[in-house]
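Since the model is a prediction, treat every value here as computed from it, not as a measurement.
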Amino acid sequence: MTTHPHTGRPESAAAVDAYLAGLLAPADEALAAALADSEAAGLPGINVSATNGKLLHLIARVQGARRILEIGTLGGYSTIWLARALPADGTLITLEYSARHAEVARANIARAGLEKVVEVRVGAALDSLPRLAEESADFDLVFIDADKVNNPHYLEWALRMTHPGSVIVVDNVVRGGRVTNPDATEDDVVGTRAALQFLADHPRLDATAIQTVGSKGHDGFALAYVSS
């Protein structure tokens, strides 16, 4: 199997990802502009892939989500995918640490015509979440895609703000396979392992995790159902 000369990723996986995205998750003007403007603004290229964005969109639709919480906005690309699944009176609250990232995201969200259903809140998520919980927020879907070391804490807050039947998605839980390496002690791996253990142990959650390979390399996501 050949690899890409710059990314080192398998060429076949990237090609298949592009093929599937072209067929099933083609970029429209708003999505393409969101990626282009995020890149132009110097944001890191760690947004979800097109196929993963479409998966989030479909999960939200299958869920019948009316209220969505996103932890980690970046440039708003995944936010757009999720918000497009909402009904006209739906709400998506997305939390972003960086004021600069939030500025770019708000422009991208407005271009997509979603500013009336999306609210971007700026600041450390662990500061924003307690305030959000005080508003008695009751979310049908939570998407966690922020600093991995805090994923266990994000899951704890997500449980406080969901209800039986809600769904929680945690992105990037494979870390290129490093989660299985006993010698890997980086913060992102430690946080990811703790999050997966949380999902495994918590009596209110029924969860699984799936490996993925494609334009974003070898990673994966966890999906949890709030059972009680």
Side-chain angles (χ1 to χ4, degrees), residues 1-28 30-60 70-85 94 96-98 101 104-105 108 141-151 154 167-181 184 186-193 195-196 199 207-224:
M1 180 181 294
T2 60
T3 58
H4 191 283
H6 300 300
T7 66
R9 296 169 185 152
E11 282 279 18
S12 60
V16 170
D17 215 26
Y19 169 73
L20 294 175
L23 279 178
L24 303 173
D28 56 29
L31 289 168
L35 292 178
D37 284 5
S38 295
E39 182 179 7
L43 274 61
I46 55 175
N47 50 275
V48 301
S49 68
T51 49
N52 281 3
K54 182 66 174 289
L55 178 62
L56 291 170
H57 174 83
L58 292 175
I59 289 172
E70 179 181 51
I71 303 175
T73 315
L74 195 61
Y77 181 74
S78 57
T79 315
I80 293 170
W81 276 113
L82 286 165
R84 284 178 169 177
T94 182
E96 173 53 46
Y97 177 80
S98 166
H101 294 180
V104 174
N108 288 333
L141 174 62
V142 179
F143 177 49
I144 300 173
D145 188 15
D147 54 317
K148 310 311 172 188
V149 67
N150 282 314
N151 274 353
Y154 298 149
V167 170
I168 302 170
V169 180
V170 186
D171 204 11
N172 307 128
V173 299
V174 173
R175 315 305 297 162
R178 288 184 295 133
V179 288
T180 65
N181 181 356
E186 299 89 346
D187 287 347
D188 65 320
V189 174
V190 172
T192 298
R193 286 189 187 127
L196 291 169
L199 293 173
T208 191
I210 300 294
Q211 293 185 89
T212 58
V213 61
S215 61
K216 297 295 180 179
H218 179 205
D219 214 321
F221 64 92
L223 185 147

Quick one: pull up [atom1] in [X] and [atom2] in [Y] and give me the separation to the nearest 0.5 Å.
X      : Y     : atom1 : atom2 : answer
Asn150 : Ile71 : CG    : CD1   : 10.0 Å
Tyr97  : Leu74 : OH    : CG    : 15.0 Å
Ile80  : Leu56 : CD1   : CG    : 13.0 Å
Thr94  : Leu82 : OG1   : CG    : 8.5 Å

Of all the heavy-atom pairs spanning [X] and [Y], show the shortest one and how long it is.
X      : Y      : value
Arg193 : Thr180 : NH2-C, 4.4 Å
Arg84  : Ala30  : NH2-CB, 3.5 Å
Ala50  : Tyr77  : CA-OH, 3.4 Å

Revision key, fill the gap. For residues 39-56, the salt bridge (charged side-chain N to carboxylate O under 4.0 Å, His left out) pairs (sequence neighbours left out) are none
Would you say [X] and [Y] make side-chain contact, with heavy atoms under 4.5 Å?
X      : Y      : answer
Lys216 : Asn47  : yes
Val48  : Phe143 : yes
Trp81  : Leu31  : yes
Ser98  : Thr73  : no

For residues 167-175, which side-chain N or O atoms pair as donor and acceptor with protein atoms under 3.5 Å away, sequence neighbours left out?
| residue | atom | partner | partner atom | Å |
| --- | --- | --- | --- | --- |
| Asn172 | OD1 | Lys148 | NZ | 2.9 |
| Asn172 | ND2 | Asp219 | OD2 | 3.3 |
| Arg175 | NE | Asp188 | OD2 | 2.9 |
| Arg175 | NH2 | Asp188 | OD2 | 3.0 |

Practice item. Please confirm whether the backbone N or O of Ala195 pairs with a side-chain atom of Asn151, one donor and one acceptor, at under 3.5 Å? Key: no
Taking only residues two or more places apart in sequence or in another chain, which ones pass side chain to side chain contact (heavy atoms under 4.5 Å, CB included) with [X]?
X      : value
Ser38  : Leu43, Val104, Asn108
Val149 : Asp147, Asp187
Leu20  : Val16, Thr51
Leu199 : Leu155, Leu196, Leu205, Ala207, Ala222, Ala224

